[in-house]
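Notes for the one structure printed next.
In listed order, ligands and their atoms are each counted from 1. Every heavy atom of this structure was used, including side-chain atoms; hydrogens, water molecules and symmetry mates were not. Count residues from 1 along the sequence.
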Amino acid sequence: MVSRLSLACVVFSLFLISSCLPCQAQLSSNFYDSTCPNALTTIRTAIRRAVSSERRMAASLIRLHFHDCFVQGCDASIMLDNSPSIDSEKFSFSNNNSIRGFEVIDEAKARVESICPGVVSCADIAAVAARDASVAVGGPSWTVRLGRRDSTTASRSLADSDIPRATTGLVNLIDMFNGKGLSERDMVALSGSHTIGQARCVTFRGRIYDNSSDIDAGFASTRRRNCPSASGDGNNNLAPLDLVTPNSFDNNYFRNLIQRRGLLQSDQVLFSGQSTDSIVTEYSRNPSLFSSDFAAAMLRTQGDIEPLTGSQVEIRRVCSVVN
Ligand code: HEM
Ligand SMILES: *[C@@H]1O[C@H](CO)[C@@H](O)[C@H](O)[C@H]1NC(C)=O
Ligand SMILES: *[C@@H]1O[C@H](CO)[C@@H](O)[C@H](O)[C@H]1NC(C)=O
């Protein structure tokens, strides 16, 4: 009886294993519990240290992970440097002179490698770093699912086509997120991460100097002071994405939009008499709803945009180069 039951179990398990071979291995929150039990605390220490020495780093790490996940899935492809076989995503339109935080991931990776070499992927470190960064500036927390592997490829052209830009219109923004399995509501919630961090003049010059912009006049004139109209002048001058509380993760971003004080055109389109206005209004009134929707949308970004599988993956030893 017992042996027949265990035989049935073996057969059933074999069936489960074989039926899952072609599909993505499931991510799980306890993936490193036995192989590297201190991985998560080690990463958290590194992220806390980095954010306490520079608050903006929390924003940079969240964006780094988003730009990784939108190109080939969350596979650390964004971290690979140029090489004969790699056309680095670091030089794509949205990342060049803009994306930052690699040295923080490298530092966390080095510390994790020193306790469990070859076990924890760069892709997982970036996913955990984004969560820890959110928490470090007062944002929501969520349980990160783990077990991603690192790509051996990168794609600058996919980064150019799949990462939204400040000039992207609302319909296209919705389409681009839908293309990654994310809803219109997810897109609005995730844009709420512009409650922290900075943008370069080159990304918002068009909006603040276009007299037909739907923009608060006082806000536009303040932003013009540090962002000259001539294209090329002061392109890298920075302004906070949330003028009220640029260093804390709250719902002020949505209140700004209602006052026509969105910095990027892609921010203000979320509240411009189109389909997402009501979501912006909800989040502006209900910070805890924004928090929980943001966390849920981050989980979908991290989990459902699946990384590459098969022989094209590995656990990189150093995040910027393939093994
Ligand atoms: C909806 C479409 C989006 C567009 C068009 C967009 C565009 C931009 C642009 C143009 C910047 C300024 C970059 C620079 O000047 O160098 C920026 C910054 C930022 N973005 Fe987005 N973004 C979008 C969605 C998201 C999402 C989904 C996240 C994260 C979940 C995110 C997180 C951030 C953060 C945190 C910053 C500040 C980074 C820093 O200070 O280093 N963005 N975004
Ligand atoms: C990236 O930015 C640098 C410095 O502004 C520029 O020289 C280079 O052409 C840019 N690279 C690409 C691929 O656009
Ligand atoms: C916008 O308005 C200002 C002040 O009225 C004017 O000097 C400027 O030329 C206008 N800009 C454009 C692009 O029309």
Under 4.0 Å to a heavy atom of [X] - the qualifying atoms of ligand 1, by number:
| X | value |
| --- | --- |
| Ser191 | 1 (C) |
| Leu264 | 7 (C), 8 (C), 9 (C), 10 (C) |
| Ser98 | 13 (C), 14 (C), 16 (O) |
| Arg56 | 39 (C), 40 (O), 41 (O) |
| Gly197 | 37 (C), 40 (O) |
| Ser193 | 26 (C), 28 (C), 29 (C), 30 (C), 31 (C), 32 (C), 35 (C) |
| Arg165 | 5 (C) |

Location of contacts on [X] toward ligand 1, heavy atoms closer than 4.0 Å:
| X | value |
| --- | --- |
| Leu241 | side chain |
| His194 | side chain |
| Ser266 | side chain |
| Val202 | neither |
| Leu173 | side chain |

Can you pull out the closest protein heavy atom to [atom]? Residue, atom name and distance to 0.1 Å, please.
| atom | answer |
| --- | --- |
| atom 5 (O) of ligand 2 | Asn97 ND2, 3.1 Å |
| atom 6 (C) of ligand 2 | Asn96 ND2, 4.2 Å |
| atom 35 (C) of ligand 1 | Ala59 O, 3.2 Å |
| atom 15 (O) of ligand 1 | Arg200 N, 2.6 Å |
| atom 25 (C) of ligand 1 | Phe66 CE2, 3.3 Å |
| atom 41 (O) of ligand 1 | Ser60 OG, 2.6 Å |

Quiz item: Atoms of ligand 2 less than 4.0 Å from Arg156 heavy atoms?
Solution: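 Numbered from 1, ligand 2 contributes 13 (C).
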Quiz item: Should you measure from each heavy atom of Phe91, which atoms of ligand 2 turn up under 4.0 Å away?
Solution: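 Numbered from 1, ligand 2 contributes 12 (C), 13 (C).
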Quiz item: Between the candidates Gly192, Ala199, Pro164, which shows the shortest non-hydrogen contact distance to atom 3 (C) of ligand 1?
Solution: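 Shortest heavy-atom distance from atom 3 (C) of ligand 1: Pro164.
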Quiz item: Heavy-atom distance to atom 11 (C) of ligand 1: which of Arg63, Lys180, His67 wins?
Solution: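 Of the listed residues, Arg63 has the closest heavy atom.
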Self-check item: Single-linkage hydrophobic cluster, 4.5 Å side-chain cutoff, Phe254 and Ile258 together
Solution: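 Phe254 clusters together with Ile258.
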Quiz item: Between Phe290 and Phe249, what is the ring plane arrangement, given parallel below 30°, perpendicular above 60°, and tilted in between?
Solution: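 Parallel, since the angle between the ring planes stays under 30°.
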Indicate every side-chain donor-acceptor pair of residues 164-175 with a distance under 3.5 Å to a residue at least two apart or in another chain.
from   : atom 1 : to     : atom 2 : distance (Å)
Arg165 : NH2    : Asp160 : O      : 3.2
Thr168 : OG1    : Arg165 : N      : 2.9
Thr168 : OG1    : Arg165 : O      : 3.0

Once rounded to the nearest 0.5 Å, what's the spacing between atom [atom1] of [X] and atom [atom2] of [Y]?
| X | Y | atom1 | atom2 | value |
| --- | --- | --- | --- | --- |
| Glu107 | Arg49 | CD | CZ | 6.5 Å |
| His194 | Asp267 | NE2 | CG | 5.5 Å |
| Gln268 | Asn256 | CD | CG | 9.0 Å |
| Ile86 | Thr152 | CD1 | OG1 | 7.0 Å |

Practice problem: Return yes when atom CZ of Arg200 has more than 12 non-hydrogen atoms of other residues, nucleotides or ligands closer than 6.0 Å, and no otherwise. | Solution: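 Atom CZ in Arg200 is packed in, count exceeds 12.
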Heavy-atom side-chain proximity of [X] to [Y] below 4.5 angstrom:
| X | Y | result |
| --- | --- | --- |
| Asp293 | Ile279 | no |
| Tyr283 | Val188 | yes |
| Arg149 | Asp75 | no |
| Arg63 | Ser193 | no |

Quiz item: So, Arg44 side chain and Asp132 main chain: donor-acceptor pair closer than 3.5 Å or not?
Solution: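 A pair under 3.5 Å: no.
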Quiz item: Charged N to carboxylate O below 4.0 Å: is that the case for Lys90 and Asp81?
Solution: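 So Lys90 pairs with Asp81 through a salt bridge.
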Quiz prompt | Heavy-atom protein neighbour under 4.0 angstrom from atom 9 (O) of ligand 2 | solution =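 So atom 9 (O) of ligand 2 lacks protein heavy-atom neighbours under 4.0 Å.
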Quiz item: Within less than 4.0 angstrom of ligand 1, does Phe204 place any heavy atom?
Solution: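 Phe204: no contact with ligand 1 (<4.0 Å).
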